Amino acid sequence: MADMNDTTMMLDGALVQHGTSNDRIYLMDLGSADPSILVPDLLELARTNNYGKIFAKIPAKNSKAFLDAGFLIEAKADKLFHGKVDGLFLGLFLDKNRYEESLKKEYENICTVALAKESTDEPTHESVRLCTTEDAQTMAKIYGRVFDSYPFPIDNPKFIVKSMEEGTVFAGIETDGELVALASAECSVQHDKRYAEMTDFATLPDARGNGYALQLLSFLEQEIKEKGILTAYTIARAISPGMNVTFGKADYQFGGRLHNNTDIAGNIESMNVWFKSL
């Protein structure tokens, strides 16, 4: 996996990630920040580092300062925050070329196929289990094999352990006693947000085609519902038929596409937002 250059930090009370790997700023959590103060500081940080995009996930009720500054609504997730307030995924394109998508037709075709999928029967969970810190070394190796690059350093066992300690739930599927597929639910229960990002899906090449992603997704949904999570969402590669079909089959709603948003699998790619009330 490529070296990660992006840093996570606090800015005006908000949690942001920024760096040259994704060539962007990602406002991950508005926290206690005042948008009227934060937005100018985000712009200053982006211009200082010559980033191509600022990407923000925020409650819709806090959007005015962002929209006034030229942010576009790229996607929406209904009732994302504490099961009541809609979430907006905003993009500001400082590099105008960053908005242009060379694979636009392919993205749209994949989304059309995924939206046409009907929900399937509840998948079995016989081979799915929760992962623990003892699995971190193996998990990191799997992620390193599957992804040439990734927006977070999940090929680092220490990062995986830290994520678990902060509330991320990881699940895996074993065959012959060996982990072959993984996924996670990144839970946000602080400040009563009550949502989780369904993410970090990875299946080793020899184990693909068995519907493992859908099994993992269903298993994780049950786990996080018990933790009080009310809404699940994902930011999935727009070019991946398998992942988008998985969320279509699992009754997720399509929220929109984030243009050229994320460094994953060796390139900066567009991503689809899917969401579901649990």
Side-chain angles (χ1 to χ4, degrees), residues 1-2 110 113-114 117 119-187 196-227 229 232-252 262-266 269 271-272 274 276 278:
M1 187 181 291
I110 288 169
V113 171
K117 293 293 180 181
S119 59
T120 56
D121 294 335
E122 189 71 20
T124 60
H125 299 151
E126 293 175 8
S127 56
V128 186
R129 68 168 175 85
L130 290 173
C131 295
T132 70
T133 54
E134 294 180 358
D135 298 307
Q137 291 282 352
T138 301
M139 295 165 67
K141 289 178 182 176
I142 291 172
Y143 284 124
R145 284 184 61 187
V146 171
F147 295 106
D148 291 328
S149 62
Y150 203 76
F152 295 91
I154 54 170
D155 59 338
N156 183 335
K158 291 181 179 178
F159 177 82
I160 291 174
V161 170
K162 184 172 182 286
S163 297
M164 289 180 177
E165 291 172 347
E166 292 176 348
T168 297
V169 181
F170 284 89
I173 289 179
E174 291 181 329
T175 59
D176 300 324
E178 298 289 331
L179 282 169
V180 297
L182 299 167
S184 80
E186 186 178 317
C187 299
E197 181 178 0
M198 316 307 281
T199 185
D200 302 334
F201 288 83
T203 302
L204 290 174
D206 292 345
R208 290 172 187 166
N210 295 302
Y212 287 163
L214 193 61
Q215 292 179 45
L216 286 163
L217 179 60
S218 175
F219 177 87
L220 285 169
E221 285 179 0
Q222 290 188 10
E223 289 292 321
I224 62 177
K225 281 176 72 174
E226 293 175 6
K227 293 179 179 294
I229 298 296
Y233 80 99
T234 193
I235 300 176
R237 296 173 64 199
I239 199 62
S240 170
M243 284 314 307
N244 287 281
V245 165
T246 293
F247 285 97
K249 284 182 176 179
D251 286 332
Y252 280 67
T262 304
D263 179 22
I264 190 165
E269 297 187 6
M271 309 291 284
N272 286 336
W274 296 83
K276 178 181 182 179
L278 300 176

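These figures come from a predicted structure and were not determined experimentally. Computation of the quantities below employed the complete heavy-atom set of this structure, encompassing side-chain atoms and omitting hydrogens, waters and symmetry-equivalent molecules.
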Query raised in the report: How about E186 and T168: do any of their side-chain heavy atoms sit closer than 4.5 Å?
Result: yes
**Report entry** Spacing of D155 atom CG and D148 atom CG [to the nearest 0.5 Å]
**Finding:** 11.0 Å
Report task. Taking all heavy atoms of I160 and all of I154, pick out the closest pair and write down the distance. Result -> CD1-O, 3.3 Å
Side chains of residues 135-142: which donor-acceptor pairs under 3.5 Å do they make with residues two or more places apart or in other chains?
from : atom 1 : to   : atom 2 : distance (Å)
D135 : OD1    : R129 : NH2    : 3.0
D135 : OD2    : R129 : NH1    : 2.9
D135 : OD2    : T132 : N      : 2.9

Query raised in the report: Can the ring centroids of F247 and F201 be said to lie less than 6.0 angstrom from one another?
Result: yes
**Report entry** Heavy-atom neighbours of K117 NZ exceed 12 at 6.0 Å
**Finding:** no
Query raised in the report: Has E178 got more than 12 heavy atoms of other residues, nucleotides or ligands less than 6.0 Å from its CD?
Result: no
Query raised in the report: What are the two closest non-hydrogen atoms of R145 and P205, and how far apart are they?
Result: NH2-CD, 4.3 Å
Requested in this report: State which residue, out of T234, D251, T246, N244, fulfils the side-chain hydrogen bond (donor to acceptor under 3.5 Å, both in side chains) condition with W274.
Outcome: N244
Requested in this report: Output the distance between atom OG1 (T199) and atom CD1 (I235), rounded to the nearest 0.5 Å.
Outcome: 7.5 Å
Query raised in the report: Under 4.5 Å between any side-chain heavy atoms of P153 and K158, yes or no?
Result: no
**Report entry** Pairwise distance CD(Q222) to CG(L217) - rounded to 0.5 angstrom
**Finding:** 10.5 Å
Query raised in the report: Minimum heavy-atom separation for I224 to A196, with atom names?
Result: CD1-CB, 3.7 Å
**Report entry** Interatomic spacing from NZ in K249 to CG in L214 - rounded to 0.5 Å
**Finding:** 6.5 Å
Report task. Any chance you could lay out the side-chain contact (heavy atoms from CB on, under 4.5 Å) test for D200 and F170, step after step, and finish with the verdict? Result -> CA-CA 9 Å; D200 302 334; F170 284 89; 3.8 Å; yes
Report summary line: d(L130 CG, M164 CE) to nearest 0.5 Å is 9.0 Å
Query raised in the report: Between T262 and P151, which heavy-atom pair has the shortest distance, and what is it?
Result: CG2-CG, 3.5 Å
Query raised in the report: Should the ring pair Y143 and F147 be called parallel, tilted or perpendicular, given that the plane angle runs from 0 to 90° and is split at 30 and 60?
Result: parallel
Requested in this report: Take atom CZ of R208 as the centre, draw a 6.0 Å sphere, and report whether it contains more than 12 heavy atoms from other residues, nucleotides or ligands.
Outcome: yes
Report task. Please tell me if the side chains of L182 and C131 come closer than 4.5 Å, counting only heavy atoms from C-beta onward. Result -> yes
Query raised in the report: Out of curiosity, E221 CD to L278 CG, how far, rounded to the nearest 0.5 Å?
Result: 5.5 Å
Report summary line: Residue set satisfying side-chain contact (heavy atoms from CB on, under 4.5 Å) with I173, at least two apart, ordered chain then number -> S127, V128, V180, A181, Y212, Q215, L216
